[in-house]
Amino acid sequence: MIRGIGDPLVSVYARAYLCRVGMEVAPHLKESLNKNFFDFLLTFKQIHGDTVQNQLVVQGVELPSYLPLYSPAMDWIFQCISYHAPEALLTEMMERCKKLGNNALLLNSVMSAFRAEFIATRSMDFIGMIKECDESGFPKHLLFRSLGLNLALADPPEGDRLQILNEAWKVITKLKNPQDYINCAEVWVEYTCKHFTKREVNTVLADVIKHMTPDRAFEDSYPQLQSIIKKVIAHFHDFSVLFSVEKFLPFLDMFQKESVRVEVCKCIMEVFIKHQQEPTKDPVILNALLHVCKTTHDSVNALTLEDEKRTLAYLINGFIKMVSFGRDFEQQLSFYVEARSMFCNLEPVLVQLIHSVNRLAMETRKVMKGNHSRKTAAFVRACVAYCFITIPSLVGIFTRLNLYLHSGQVALANQCLSQADAFFKAAISLIPEVPKMINIDGKMRPSESFLLEFLCNFFSTLLIVPDHPEHGVLFLVRELLNVIQDYTWEDSSDDKIRIYTCVLHLLSAMSQETYLYHIDKVDSNDSLYGGDSKFLAENNKLCETVMAQILEHLKTLAKDEALKRQSSLGLSFFNSILAHGDLRNNRLNQLSVNLWHLAQRHGCADTRTMVKTLEYIKKRSKQPDMGHLTELALRLPLQTRT
């Protein structure tokens, strides 16, 4: 029936439909489909007959516009026939196509439908057939494009590779229409990258620039140009080789539209982070990637989404982490100074730079084994100064607080005592600015728990910070206590008392003859005061003041709705005294008994916890010099629920 359809275009789509239905309902009758294909070849010459040509003239349709209409149907027919077909059948089909004159359309469908391996191994045969095709009907550049698509999937014989590229590029480079040229060049770039060196790739990129620059033709071809860049960076993982390709950066300059340029730069950074295994100091890589990172950074504005900022910061941070000048620490610091000036709009990048500079100071300390020379002492002070002037430019208040603390610890470890004091004072002065609510991942949350965590960490550091000779005893602790006292705490929160309890732990540790831990080559207060009675007296005064604040707060909780909180806090304070206090002191001993009774007074205490606590006291009383705990245990009754 299909043989009786006069219009060859209608006929070919009828055959395509027959193939589609045949494959679905009777795949075992594939021999009939093969006959359908060979039948089509017999009628193929109709397309170039007088009847069709006259009809095209009447309709005003050009042959180059008409012939591609056949491609979808022919591609489908060829795919159905070639699906799981033996090599012999494919060879026979190709030979039949060869015998037909003016067979560009058939040839294109063969290359679109047949297996890539089949095409690749016969690449030179196909190039010969393409050369013999008539240019007027079906453009040769489309044939070379189809061949290039196959060669991207399968490798041709090694001896033919250069000849194939030369034959193809002779045709491609002569194309005058920029769109035709770039559609074809885009495909063959991958073949070039896959089988040749940077010299050939550079030649291809230069040719693309030459064709796409006149009349700003590149503006209409950004997707294809992006595809070329992606193919190049997918095959050149060694960035020292990539950036030594002379025309690579000029190629990037064709991306004039900002959004496209940023996407391309992001692709380059993603590949660098994924494939760069070793840290680098190669000036070619550094200069090129600084330019690429600067391009992405400068795209940030007031309308940029937070997710986009995070992505860009992640990519830039990945680059910064991979830069290492080895033992040339001064060069490393210079790089960080330059990076800070270039990436000042992305807070996570500034945070990374501060951490990197702190690490640099600690590496210097490690190399010098803690014994700084005049030169290295000046260098670590420069690192500390870098951090001190960078932190205030950050927005996140807890980010600033934690970095002040971290940088102060680094300064202390490098014997920069006055600089460490400056960091700690800056952190203390920042605490009053902590808002009640902070934004965490887009949700507003109370800040007190974060402040409590920070202060506990801060107290641990203050234990080893030596007093400044001009500021009196425990001046940093006093300043911090004043700030905590003046801070406006939530009425329903007990975090202020938990902080005061931590202060008591700190003051208890400070009253020891030898502190629990030290920093090498830094004399803490245990060495400076040597257990001086005046120092201990000041310490005791502070303890009494803090304990008075805790007891005052416990009194305010003597209301029905707050009794459970009072019980919990009372037991917590009791445990602190038990762990850190000297219970041979009668006043402290009596206070602990009172707190025990307070915890149980209204039946709010957890009986199991009380029992375990009492068992612990009895067990501890059996240790040497702990006999006084036996008497204490006798004064701590357990109240039953009844």
Side-chain angles (χ1 to χ4, degrees), residues 313 317 320 333 336-337 339-340 343-344 346-365 379-436 438-440 447-468 470-471 474-487 495-496 499 502-503 506 517 519 522 524-525:
N317 283 345
I320 289 170
L333 183 59
Y336 291 144
V337 170
R340 180 179 62 187
F343 309 127
C344 55
L346 289 171
E347 183 158 317
V349 177
L350 294 178
V351 172
Q352 176 61 43
L353 287 170
I354 292 167
H355 283 308
S356 297
V357 171
N358 277 328
R359 189 174 67 247
L360 189 60
M362 294 306 290
E363 283 176 8
T364 307
R365 178 180 183 271
F379 176 76
V380 294
R381 283 198 294 273
C383 291
V384 167
Y386 177 104
C387 297
F388 192 74
I389 64 175
T390 307
I391 293 172
S393 64
L394 305 175
V395 176
I397 193 154
F398 280 102
T399 304
R400 278 182 281 160
L401 282 170
N402 285 311
L403 285 173
Y404 274 133
L405 178 56
H406 183 214
S407 302
Q409 291 166 343
V410 170
L412 203 58
N414 284 284
Q415 299 123 54
C416 302
L417 302 184
S418 59
Q419 287 87 345
D421 281 350
F423 278 115
F424 298 142
K425 284 179 183 174
I428 291 169
S429 65
L430 193 59
I431 290 171
E433 297 178 24
V434 175
K436 291 285 171 287
I438 55 171
N439 190 323
I440 305 288
S447 64
E448 286 191 5
S449 60
F450 297 96
L451 185 57
L452 175 63
E453 181 185 349
F454 167 76
L455 289 171
C456 290
N457 194 354
F458 198 179
F459 295 143
S460 301
T461 303
L462 288 180
L463 174 63
I464 49 174
V465 178
D467 281 343
H468 194 287
E470 296 176 6
H471 292 117
L474 301 178
F475 76 103
L476 284 174
V477 178
R478 290 177 187 279
E479 283 190 30
L480 189 52
L481 282 172
N482 290 335
V483 167
I484 294 167
Q485 177 64 30
D486 295 338
Y487 188 81
D495 283 336
K496 183 178 180 181
I499 290 168
C502 291
V503 173
L506 169 65
Y517 46 87
I519 286 183
V522 174
S524 298
N525 286 339

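The minimum heavy-atom distance linking S460 with Y517 is given by the pair O-OH, 2.6 Å. The minimum heavy-atom distance linking I519 with A413 is given by the pair CG2-CA, 3.8 Å. Between S447 and I438, the shortest heavy-atom distance links the atoms CB-CG2, 4.0 Å. The shortest non-hydrogen separation linking V380 to A361 is CG1-O, 4.0 Å. Contact between C344 and L350 at its shortest, heavy atoms only, is O-CD1, 3.8 Å. Closest non-hydrogen pair, F388 versus A426, comes out as CE1-CB, 4.4 Å.
Once rounded to the nearest 0.5 Å, the distance linking OG of S407 with CG of N358 reads 4.0 Å. Distance CZ/R340 to OG/S356: 12.5 Å, rounded to 0.5 Å. If you take CD1 on I354 and OH on Y336, they are separated by 12.5 Å, rounding to the nearest 0.5 Å. To the nearest 0.5 angstrom, F343 atom CZ is 6.0 Å from I320 atom CD1. In this structure, CG in L417 is found 11.5 Å from CG in D467, a value given to the nearest 0.5 Å. Taking CD of E448 as the reference point, atom NZ of K436 lies at 6.5 Å (rounded to 0.5 Å).
Proximity of L463 to S524: side-chain heavy atoms (C-beta onward) are nowhere separated by under 4.5 Å. Contact annotation: the side chain of L455 never approaches that of C502 to less than 4.5 Å [non-hydrogen atoms, C-beta and beyond]. Using a 4.5 Å heavy-atom threshold, the side chains of Y386 and L353 count as touching. When side chains are defined from C-beta on, E433 counts as touching I397, because their heavy atoms get closer than 4.5 Å. Between P466 and V522, some side-chain heavy-atom pair lies under the 4.5 Å cut-off. Residues V410 and F423 have side chains not in contact (no heavy-atom distance under 4.5 Å, counting atoms from C-beta outward). With a 4.5 Å cut-off on side-chain heavy atoms, N525 and L474 count as touching. Using a 4.5 Å cut-off on side-chain heavy atoms (C-beta onward), Y487 and L451 make contact.
In the displayed structure, E453 atom CD is contacted under 6.0 Å by at most 12 heavy atoms of other residues, nucleotides or ligands.
Remark: side-chain polar atoms of E347 are paired, donor with acceptor, to backbone N or O of V395 under 3.5 angstrom. The backbone N or O of L394 lies less than 3.5 Å from a partner atom in the side chain of R400, making a donor-acceptor pair. Not one N or O on the side chain of S393 forms a donor-acceptor pair closer than 3.5 Å with the backbone of I389.
Residue pairs meeting the side-chain hydrogen bond (donor to acceptor under 3.5 Å, both in side chains) criterion with at least one partner in residues 408-419, sequence neighbours excluded, are H372-N414, Q409-T461.
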| task | Show your working on side-chain contact (heavy atoms from CB on, under 4.5 Å) between L360 and F379 and close with a plain yes or no. | result | CA-CA 10 Å; L360 189 60; F379 176 76; 3.7 Å; yes

| Criterion side-chain contact (heavy atoms from CB on, under 4.5 Å) on L403 and C387, from CA distance to verdict | CA-CA 8 Å; L403 285 173; C387 297; over 6 Å; no

| request: Start with the C-alpha gap between L401 and F398, add the side-chain angles, then the distance that decides, and say whether side-chain contact (heavy atoms from CB on, under 4.5 Å) holds. | output: CA-CA 5 Å; L401 282 170; F398 280 102; 4.0 Å; yes

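Shown here are the ring pair (Phe, Tyr, Trp, His ring centres under 6.0 Å) partners of F424, two or more places apart in sequence or in another chain: F458. Residues forming a ring pair (Phe, Tyr, Trp, His ring centres under 6.0 Å) with H471 (at least two apart in sequence, or on another chain): H468, F475.
The residue from V477, L476, I484 that alone fulfils the side-chain contact (heavy atoms from CB on, under 4.5 Å) condition with L480 is I484.
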